[in-house]
2 protein chains.
Amino acid sequence: MAPSSRSRKPPADRSLVADRLHSAAIHILRRLRREDPAMGLSGPRASALSVIVFGGPITLGDLAAVEQVRPPTMTHLVRALEHMGLVTRVPDPHDHRVVRIAATHRAHAVLAEGRARRVGALTQALDGLGERDVATLSRAAYLLEWLARSTTSHPGQAVPPSRRSFPG
Amino acid sequence: MAPSSRSRKPPADRSLVADRLHSAAIHILRRLRREDPAMGLSGPRASALSVIVFGGPITLGDLAAVEQVRPPTMTHLVRALEHMGLVTRVPDPHDHRVVRIAATHRAHAVLAEGRARRVGALTQALDGLGERDVATLSRAAYLLEWLARSTTSHPGQAVPPSRRSFPG
DNA sequence: GTATTTAGTTAGTTTTGCTAACTACTATGG
DNA sequence: CCATAGTAGTTAGCAAAACTAACTAAATAC
């Protein structure tokens with residue numbers, strides 16, 4: 001299947017790599033989504049909640065930026081989380097326009113459990129891999145986050161991540 | 001835990017890696033989605049079309065399996081692609097239940113251009129990376145595809161990918 | 001003290017995904 | 001040869017997630 005051209009360093013056509021990464025990201029998320037119903041916390045919700053829980057209270061706009069979505073989308077996500085009793089809106093006393101989103105007690109518990117479920121499938125799959133492959137994916141996760149944040153029309157500002165800057 | 005037999009690689013807790021991969025996949029896709037409108041081919045459509053174009057005609061069911069979605073979802077996607085004049089349904093002469101999905105002329109052109117456009121942002125970002133990081137991501141793409149297909153209730157059948165089996 | 005900018009929400013649409021139930025066809029077992 | 005069981009896809013109906021456009025309310029600027 002894989003045309004194993006066994007050379008030292010195939011130049012790795014970047015657009016081909018980009019294309020494959022794109023497909024891979026789509027497929028892994030679709031696979032993971034199948035675990036959702038069991039826990040009632042979808043990917044986008046879990047991701048947003050994770051930011052709130054680990055980063056502390058954050059404004060809706062900033063949360064939208066971090067999560068790479070538009071404000072209206074985040075309004076919906078936050079509302080859903082609010083209905084689930086996982087976050088509360090805390091109005092800013094100094095600036096009455098802004099709303100800070102804070103995690104409730106339950107959020108910590110639910111997130112821990114939810115993550116265990118959803119990411120559990122992936123974790124289990126990772127067990128089938130060797131140390132080196134896991135290390136490769138660890139580094140890849142870091143690179144992908146960097147890629148997601150670069151190319152955002154700050155071409156000059158973005159600095160390629162140092163290979164030493166992350167333990168993966 | 002299991003101390004890496006190699007040098008100073010940290011053990012890389014698998015559930016942590018899984019969590020970070022999960023977030024990274026979400027964020028990279030959201031970033032990529034912003035490029036969609038420029039080419040009129042969304043992620044799922046581009047992904048499916050890519051399979052058809054490069055793999056040749058394929059039944060709807062098989063395509064759904066490859067793309068990790070249910071048949072009704074693929075029916076929708078195929079219909080959209082059909083309306084865009086990118087694929088045609090070819091009934092199987094031997095088994096009148098099955099429908100093969102084939103790419104049209106335009107599909108090749110659109111996909112080539114679309115890839116340049118859509119994945120262009122990612123490709124460009126990749127240019128900011130060194131050979132080694134690109135190689136890491138190339139290998140990661142392969143591993144992610146494997147992960148997406150594993151843990152699918154064929155626990156015995158899945159075979160961890162050989163490190164040599166892919167030129168990345 | 002109006003005018004502009006900023007933060008968030010509301011309204012409405014589209015895409016993507018699901019399950020359940022259906023149609024149409026194939027294959028099998030008397 | 002026909003009844004029955006299984007398979008491939010579609011239809012119907014639903015929900016989540018995303019967008020843009022247009023709005024409200026509040027802060028800042030001139």
Side-chain angles (χ1 to χ4, degrees), chain A residues 23 25-49 57-84 87-101 118, chain B residues 25-49 57-84 87-101 118 148:
Chain A
S23 284
I26 287 177
H27 295 161
I28 196 77
L29 284 182
R30 289 211 266 234
R31 172 65 189 79
L32 249 32
R33 182 166 41 222
R34 298 218 295 265
E35 306 296 329
D36 283 350
M39 67 170 257
L41 206 52
S42 68
R45 289 178 191 180
S47 183
L49 187 58
I58 184 175
T59 69
L60 189 141
D62 285 351
L63 185 54
V66 168
E67 285 295 284
Q68 309 251 320
V69 296
R70 304 289 179 193
T73 300
M74 193 47 69
T75 293
H76 283 309
L77 285 173
V78 166
R79 180 172 304 150
L81 291 173
E82 206 177 8
H83 283 162
M84 298 172 84
V87 302
T88 54
R89 282 162 208 262
V90 182
D92 185 313
H94 298 303
D95 187 338
H96 289 196
R97 291 169 304 178
V98 325
V99 184
R100 281 207 167 61
I101 316 298
R118 183 185 174 104
Chain B
I26 287 176
H27 294 160
I28 197 80
L29 280 186
R30 290 212 266 234
R31 174 65 189 80
L32 246 32
R33 182 171 39 228
R34 297 217 297 264
E35 305 298 329
D36 283 351
M39 66 172 260
L41 208 52
S42 69
R45 290 177 189 180
S47 184
L49 187 58
I58 184 175
T59 70
L60 190 141
D62 285 351
L63 185 53
V66 168
E67 285 296 284
Q68 307 256 319
V69 296
R70 304 290 179 191
T73 300
M74 192 47 69
T75 294
H76 284 311
L77 284 172
V78 165
R79 180 172 303 148
L81 291 173
E82 206 176 7
H83 283 162
M84 297 172 83
V87 303
T88 54
R89 284 162 206 262
V90 182
D92 185 313
H94 299 303
D95 187 338
H96 288 195
R97 291 169 304 179
V98 324
V99 184
R100 282 208 166 62
I101 316 298
R118 175 190 178 105

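Every value quoted in this text rests on a predicted model; they were computed, and no experiment measured them. Every chain is numbered from 1, with letters handed out A, B, ... down the list of sequences.
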>> By the 4.0 Å heavy-atom rule, please label B/Arg79 as base, sugar-phosphate, or nothing.
In response: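 The residue B/Arg79 makes sugar-phosphate contact but no base contact.
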Residue [X], side-chain heavy atoms: nucleotide from [options] that is nearest:
{"X": "A/Val69", "options": "D/dA8, C/dT9, D/dA18", "answer": "D/dA18"}
{"X": "B/Pro71", "options": "C/dA7, D/dT10, C/dG12", "answer": "D/dT10"}
{"X": "A/Asp95", "options": "D/dG13, C/dT26, D/dA26", "answer": "D/dA26"}
{"X": "B/Thr75", "options": "C/dG12, C/dA7, D/dG9", "answer": "D/dG9"}

How long is the line joining [atom1] of [X] and [atom2] of [N], in whole Å?
{"X": "A/Arg45", "N": "D/dA15", "atom1": "CZ", "atom2": "P", "value": "12 Å"}
{"X": "A/Leu77", "N": "D/dA15", "atom1": "CG", "atom2": "C1'", "value": "14 Å"}
{"X": "B/Leu29", "N": "D/dA18", "atom1": "CG", "atom2": "P", "value": "10 Å"}
{"X": "A/His96", "N": "C/dG8", "atom1": "NE2", "atom2": "P", "value": "14 Å"}
{"X": "A/Arg70", "N": "D/dA22", "atom1": "CZ", "atom2": "C1'", "value": "16 Å"}
{"X": "B/Glu67", "N": "C/dC18", "atom1": "CD", "atom2": "P", "value": "12 Å"}
{"X": "B/His76", "N": "C/dT19", "atom1": "NE2", "atom2": "P", "value": "13 Å"}
{"X": "B/Met74", "N": "C/dT15", "atom1": "CE", "atom2": "C1'", "value": "14 Å"}

>> Which is more 5' along DNA chain D, the nucleotide nearest A/Pro72 or the one nearest B/Arg89? Just name the residue.
In response: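 Residue closer to the 5' terminus by nearest nucleotide: B/Arg89.
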>> C/dT15, OP1 or OP2 - any side-chain N/O from B/Ser42 closer than 4.0 Å?
In response: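 So the side-chain polar atoms of B/Ser42 never come under 4.0 Å of the phosphate oxygens OP1 or OP2 of C/dT15.
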>> Can you see if the side chain of A/Thr73 gets near the phosphate of D/dA17 - specifically, an N or O under 4.0 Å from OP1 or OP2?
In response: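 For D/dA17, OP1/OP2 do not have a side-chain N/O of A/Thr73 under 4.0 Å.
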> So, A/Arg30 side chain and B/Val69 main chain: donor-acceptor pair closer than 3.5 Å or not?
Replying inline: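 It does not hold such a pair.
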> What closest approach, in Å, do B/Ile26 and A/Ser47 show between heavy atoms, and which atom pair accounts for it?
Replying inline: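 Minimum heavy-atom contact is CD1-CB, 4.0 Å.
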>> So which atom in A/Met74 and which in A/Leu60 form the shortest heavy-atom distance, rounded to 0.1 Å?
In response: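 The answer is CG-O, 3.8 Å.
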> Toward the 5' end of DNA chain C, which comes first, A/Val99 or A/Arg30, by nearest nucleotide?
Replying inline: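 That would be A/Val99.
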>> Is any side-chain heavy atom of B/Leu77 closer than 4.5 Å to one of B/Glu67?
In response: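 A side-chain contact under 4.5 Å is absent here.
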> Would you say B/Gln68 and A/Arg33 make side-chain contact, with heavy atoms under 4.5 Å?
Replying inline: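 Contact flag for B/Gln68/A/Arg33 side chains = no.
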> Counting only distance, no hydrogens or angles, is the base of C/dT6 paired donor-acceptor with the side chain of A/Arg97 under 3.5 Å?
Replying inline: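 Pair found.
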